[in-house]
Protein chains: 2
Amino acid sequence: MSSTRPTPPGATIYSVAERAGVSIATVSRVIQRPEVVSGATRQRVLDAIDELHYVPLGAARSLAVRHHEAHGLVLPELAGPYFAELLVGFEERAAELGQSVVLLLADTKRDVDRAVRQLSTRVDGLAVFASTVSAETVSRVRQGRKPVVTVAGGVAAAGLGTESISAENASSARELTEHVLAHGRRRVLFVGDPDLSSDTAARHDGFVAAHRARRRRPAPPVRIAFRENDGTEFAERLLAGEFTADALVCANDELALSVMTHLQDAGRDVPRDVAVVGWDDVMTARYVRPGLTTVRQPVADLGRLAAERLHHLVDGDDPADEPWVLPTRLVLRGSCGCG
Amino acid sequence: MSSTRPTPPGATIYSVAERAGVSIATVSRVIQRPEVVSGATRQRVLDAIDELHYVPLGAARSLAVRHHEAHGLVLPELAGPYFAELLVGFEERAAELGQSVVLLLADTKRDVDRAVRQLSTRVDGLAVFASTVSAETVSRVRQGRKPVVTVAGGVAAAGLGTESISAENASSARELTEHVLAHGRRRVLFVGDPDLSSDTAARHDGFVAAHRARRRRPAPPVRIAFRENDGTEFAERLLAGEFTADALVCANDELALSVMTHLQDAGRDVPRDVAVVGWDDVMTARYVRPGLTTVRQPVADLGRLAAERLHHLVDGDDPADEPWVLPTRLVLRGSCGCG
DNA sequence: CTGTTAGCGCGTTCAC
DNA sequence: GTGAACGCGCTAACAG
C-alpha cells in the first residue's frame with residue numbers, strides 16, 4: 001500500500017524467553033494467565049519484558065487465537081452530535097467487552113465498498129449505519145462469515161442474517177405532530193425528505209398518522225436535505241411565499257434551527273407566527289430562544305447495543321429476527337408554542 | 001478476553017488455491033499484483049474467491065508483512081465538535097494513506113494506560129491527544145519502537161522521540177484580548193484553568209501578554225473546568241457579585257456560551273454590560289444572539305497532519321525536533337462589542 | 001509448574 | 001508465469 005521498509009525488529013516472545021531463561025510458553029502464560037506461573041519465574045519474565053520494552057504483536061496473537069478482538073464501525077460522517085454520541089456508546093461498550101473499534105467514515109472515501117471489504121479483513125464483525133454501505137457489500141461480508149448489525153437502518157436492513165437496531169420514530173413523530181396540532185396549528189409542514197433516510201421516512205409516517213387521526217389531510221413533505229444551508233434556503237422560499245405554514249416539523253434539529261433562526265432574523269415571531277420543532281435534541285436546541293422543542297433519542301444506547309449484539313453474534317449467537325427498537329422521548333420547550 | 005469458541009473456519013488462501021487449481025502463491029499474487037498473473041488463471045482465481053466468499057485474514061497478512069497498517073488515536077472524549085473534527089481529519093488522511101484507524105476514548109475507561117498498551121499491540125503508531133495518556137506509558141510505547149505524535153500537547157509533550165502538533169494559541173489569545181481591550185473594557189477576566197490543558201495555558205499566556213503590552217495588570221484566571229455546568233456555576237457567582245468584570249475571555253466556546261446565556265437570562269446585556277468571547281467557533285456560536293466572537297482553529301488539519309506525520313514516522317522518518325504549529329484565526333461577531 | 005511442538009493464514013524468495 | 005517451501009510471532013495442546 002505504502003511503506004517500503006518493514007518495522008525495525010523489536011523484541012519478540014523469543015527474545016524475552018531467552019533473556020528470562022524460560023520457554024516462550026511461559027512468557028505467553030505470564031501475559032495471559034499470570035496466576036498459573038510461579039512467583040519467581042513470573043518476576044523474571046516481567047523484568048525481561050520491561051528491559052527489552054517488549055510489546056506483543058497483536059497480529060500474531062490474532063492469528064493464533066483466530067480472533068481479531070476488534071469491531072468495525074461504519075458511519076457516514078461525524079457532523080453534529082448524533083454520530084459522535086453513537087460512536088461514544090459503541091466504543092464504550094466495545095471496550096468493556098475487550099474489543100477495539102476500527103472506525104470507517106464513509107463520506108470522505110472514494111470507494112466505500114472497497115474500504116468496507118478491506119475493513120472486514122481485520123475485524124470480527126461490523127456495525128454499519130443505515131445505508132452507508134451497499135446491500136451487496138453487506139451480503140458479501142455476511143457470506144464471509146462476519147456478523148453485521150445495522151444501526152438506524154429501518155426494517156429494510158433486516159434479513160440477510162443481519163441484525164437491526166434503531167430508535168423508535170413513527171410513534172414519537174405522531175406524538176410530536178399531535179402536540180403541535182393541539183396547539184391549534186392548522187397548516188403543518190413536514191420539512192425533510194422521507195426518501196433520504198429510513199429515520200426520516202418513519203418520522204414522516206408518524207406525521208401522516210397524526211393528521212389521519214384527526215381526519216386532516218397532511219400536506220406533502222418538503223423534500224430537502226438535512227444540512228444547515230438547506231434549511232436556510234427553505235426559509236427563504238417560505239418567506240417568499242412559496243409555502244404557507246403556521247408550524248414546521250423538521251426532520252432534525254440542524255434543519256429546524258437554521259430555519260427558525262433565519263425566520264427570526266427576517267422578523268418573524270417563533271412560535272407565534274410559526275412553530276418549529278425538530279429531532280435529536282442537539283446542544284444548540286437549549287441555547288436558542290425560544291428553546292427548540294424536539295425528540296431525544298437514546299443515541300449512545302444505540303451504539304452500546306450495537307457493540308453488545310455484535311459481540312454476542314461473534315460469539316456464535318443466532319441473529320435475532322426482530323429488529324431492536326429503542327424508545328424516544330419528547331422534549332417540550334418554547335418553539336412549539338408551549339409557555 | 002471474552003469469546004470462548006473460535007471463528008468458524010472460513011475460506012482461506014489454501015481453499016481458494018485448491019479450488020482454482022493453482023498454488024497459494026498465485027492467489028496471493030492475484031490479490032497483491034494482479035498484473036503479473038496471466039489473464040486466464042487470474043480469472044479462475046477471482047472466480048474461486050467469489051464462490052468461496054473468501055475474505056483474507058488481516059492478521060495473517062499483518063504478521064507476514066510485519067505491519068498493522070493501522071494507526072491508533074487516543075482522544076479524551078467526543079463531546080462537542082472539537083474532537084469530532086479532529087477525528088474526521090485524522091481518519092480521512094489515514095484512509096488516504098491506506099491505514100485503518102483504531103479509536104480509543106479515554107474518559108470511559110477505568111485503566112487508560114492499560115488500554116493504550118493494549119492498543120499499541122495492534123497498530124503501527126499512536127496519536128494521542130494532549131495529556132490523555134501518562135508520560136510513562138507514552139515512553140513505554142516509544143521504547144517499544146512505535147512512533148507517537150502528540151496533538152495539542154504543547155511543548156512539554158515534545159522530546160522522547162515524540163512529535164508534537166498543535167494550533168497556535170498564545171498569539172491569537174493576545175490578539176483576541178487586545179481586541180477586547182480596544183473596545184474599552186477595563187476589567188477583563190480569563191475564565192478557565194491554565195493547569196487543565198496546555199491549550200488553555202497558552203491562551204492564558206496570550207491574555208497576560210496583551211495586558212502587559214498595555215501596561216495593565218491582568219486579573220488572576222478564574223480556575224474552572226470546561227463544561228457547560230461549570231459555566232453556569234461561574235455565571236451565578238458573577239451575578240452574586242463574587243467577581244466584577246466587563247469582559248470575559250473564556251477558555252472555550254462551551255464555557256462562553258453557557259455563561260453568556262445564563263447572564264442574559266438574568267437580565268444582563270451582552271455585550272453592553274459584559275463582553276464574552278471564547279475559542280473553537282462551535283456551531284452554536286453563530287446561532288446565539290449576539291453571535292459569539294471566538295477563535296477558529298484548523299482542527300481537522302491538526303488531525304490530518306497527525307495522521308500524515310505518523311505515517312511517515314512509521315515509514316522510518318526521523319521525528320522532527322520542532323513542534324508543528326498551525327495558525328488560527330479570529331472570528332469577530334457581536335459578543336465582544338463589535339457591530 | 002514448565003518446556004516442546006505443531007499449527008494459525010499469508011507474503012515471499014528462489015527455482016523452474 | 002507459476003509452484004514449493006520457509007518464516008512472521010504467538011497460542012494451545014500435550015508431555016513431563
Side-chain angles (χ1 to χ4, degrees), chain A residues 1 3-45 48-49 52 54-69 118 120-122 124 144-145, chain B residues 1 3-45 48-49 52 54-69 118 120-122 124 144-145:
Chain A
M1 197 62 61
S3 158
T4 50
R5 76 199 98 171
T7 308
T12 72
I13 200 171
Y14 292 101
S15 52
V16 172
E18 188 176 358
R19 171 142 196 153
V22 299
S23 75
I24 63 167
T26 297
V27 176
S28 180
R29 288 191 195 102
V30 168
I31 295 175
Q32 307 302 327
R33 314 198 314 281
E35 65 279 6
V36 308
V37 178
S38 81
T41 54
R42 188 198 317 156
Q43 194 52 53
R44 297 215 319 277
V45 171
I49 288 179
L52 295 170
Y54 171 58
V55 178
L57 197 58
R61 171 180 164 81
S62 293
L63 182 56
V65 301
R66 307 171 58 81
H67 257 135
H68 296 282
E69 295 170 323
Q118 156 87 16
S120 74
T121 257
R122 34 173 60 261
D124 298 317
R145 291 181 149 63
Chain B
M1 199 62 59
S3 158
T4 51
R5 75 197 99 172
T7 309
T12 71
I13 199 171
Y14 292 102
S15 52
V16 171
E18 188 176 358
R19 172 142 195 155
V22 300
S23 74
I24 64 166
T26 299
V27 177
S28 180
R29 290 192 193 101
V30 169
I31 295 175
Q32 308 300 329
R33 314 197 315 280
E35 65 279 6
V36 308
V37 178
S38 81
T41 53
R42 187 197 320 156
Q43 194 53 54
R44 297 215 319 278
V45 170
I49 287 179
L52 295 173
Y54 171 57
V55 178
L57 197 58
R61 172 180 165 80
S62 292
L63 183 55
V65 301
R66 307 172 58 81
H67 258 138
H68 297 281
E69 293 170 326
Q118 155 86 17
S120 72
T121 258
R122 34 173 60 259
D124 298 317
R145 291 181 148 64

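Residue numbering restarts at 1 for every chain, and letters A, B, ... go by the order of the sequence lines. Computation of the quantities below employed the complete heavy-atom set of this structure, encompassing side-chain atoms and omitting hydrogens, waters and symmetry-equivalent molecules.
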Donor-acceptor contacts under 3.5 Å from residues 14-21 of chain A side chains, at least two apart:
{"residue": "Ser15(A)", "atom": "OG", "partner": "Thr12(A)", "partner atom": "N", "Å": "2.8"}
{"residue": "Ser15(A)", "atom": "OG", "partner": "Thr12(A)", "partner atom": "O", "Å": "2.9"}
{"residue": "Arg19(A)", "atom": "NE", "partner": "Glu51(A)", "partner atom": "OE1", "Å": "2.7"}
{"residue": "Arg19(A)", "atom": "NH2", "partner": "Glu51(A)", "partner atom": "OE1", "Å": "2.8"}

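- Residue Asp124(B) contributes atom CG, which lies 14 Å from atom P of dG9(D) at whole-angstrom precision.
- DNA chain C is contacted by both Gly58(B) and Thr26(A); Thr26(A) maps to the nucleotide lying nearer its 5′ end (nearest heavy atom per residue).
- Against DNA chain C, the stretch residues 13-21 of chain B makes heavy-atom approaches under 4.0 Å through Ile13(B), Tyr14(B).
- Thr121(A) places a side-chain N or O within donor-acceptor distance of the main-chain N or O of Pro56(B), the cut-off being under 3.5 Å.
- Across all strands shown, Val27(B) has no heavy atoms under 4.0 Å from either base or sugar-phosphate atoms.
- One can place CZ of Arg66(A) at 19 Å from P of dA6(C), the figure rounded to the nearest angstrom.
- The interatomic distance linking Gln118(B) (CD) with dC10(D) (P) rounds to 14 Å, in whole Å.
- Across all strands shown, Ser62(B) has no heavy atoms under 4.0 Å from either base or sugar-phosphate atoms.
- Here the C1' atom of nucleotide dG3(C) and the CZ atom of Arg44(A) are 13 Å apart, to the nearest Å.
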Enumerate donor-acceptor pairs with a distance under 3.5 Å from any side-chain N or O in residues 22-39 of chain A to protein atoms, sequence neighbours excluded.
{"residue": "Ser23(A)", "atom": "OG", "partner": "Ala25(A)", "partner atom": "N", "Å": "3.4"}
{"residue": "Gln32(A)", "atom": "OE1", "partner": "Arg61(A)", "partner atom": "NH1", "Å": "3.1"}
{"residue": "Ser38(A)", "atom": "OG", "partner": "Thr41(A)", "partner atom": "OG1", "Å": "2.9"}

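- The distance from atom NE2 of His67(B) to atom P of dG9(D) is 13 Å, rounded to the nearest whole Å.
- A straight line from CD1 of Ile24(B) to P of dC6(D) spans 12 Å, rounded to a whole angstrom.
- Judged by atom type and distance alone, Arg29(B) reaches the base of dG3(D) through a side-chain donor-acceptor pair under 3.5 Å.
- Axis angle between the ends of the helix from dC1(C)-dG16(D) to dC16(C)-dG1(D), five pairs each and rounded to 10 degrees, works out to 30°.
- Counting to the nearest Å, the P atom of dG7(D) and the CG atom of Leu63(A) are 16 Å from each other.
- For Ala60(A), the side-chain contact (heavy atoms from CB on, under 4.5 Å) test picks out Leu57(A), Leu63(B), with sequence neighbours left out.
- Near-neighbour residues of DNA chain D inside residues 32-39 of chain A, defined by a heavy atom below 4.0 Å, number-ordered: Gln32(A).
- Of the possible polar contacts, none joining the Asp124(B) side chain to the His67(B) backbone as a donor-acceptor pair under 3.5 Å is found.
- Residue Ile31(B) is out of contact with every strand shown, counting any heavy-atom pair closer than 4.0 Å.
- At the heavy-atom level, Leu57(A) lies under 4.0 Å from the strands shown only through sugar-phosphate atoms.
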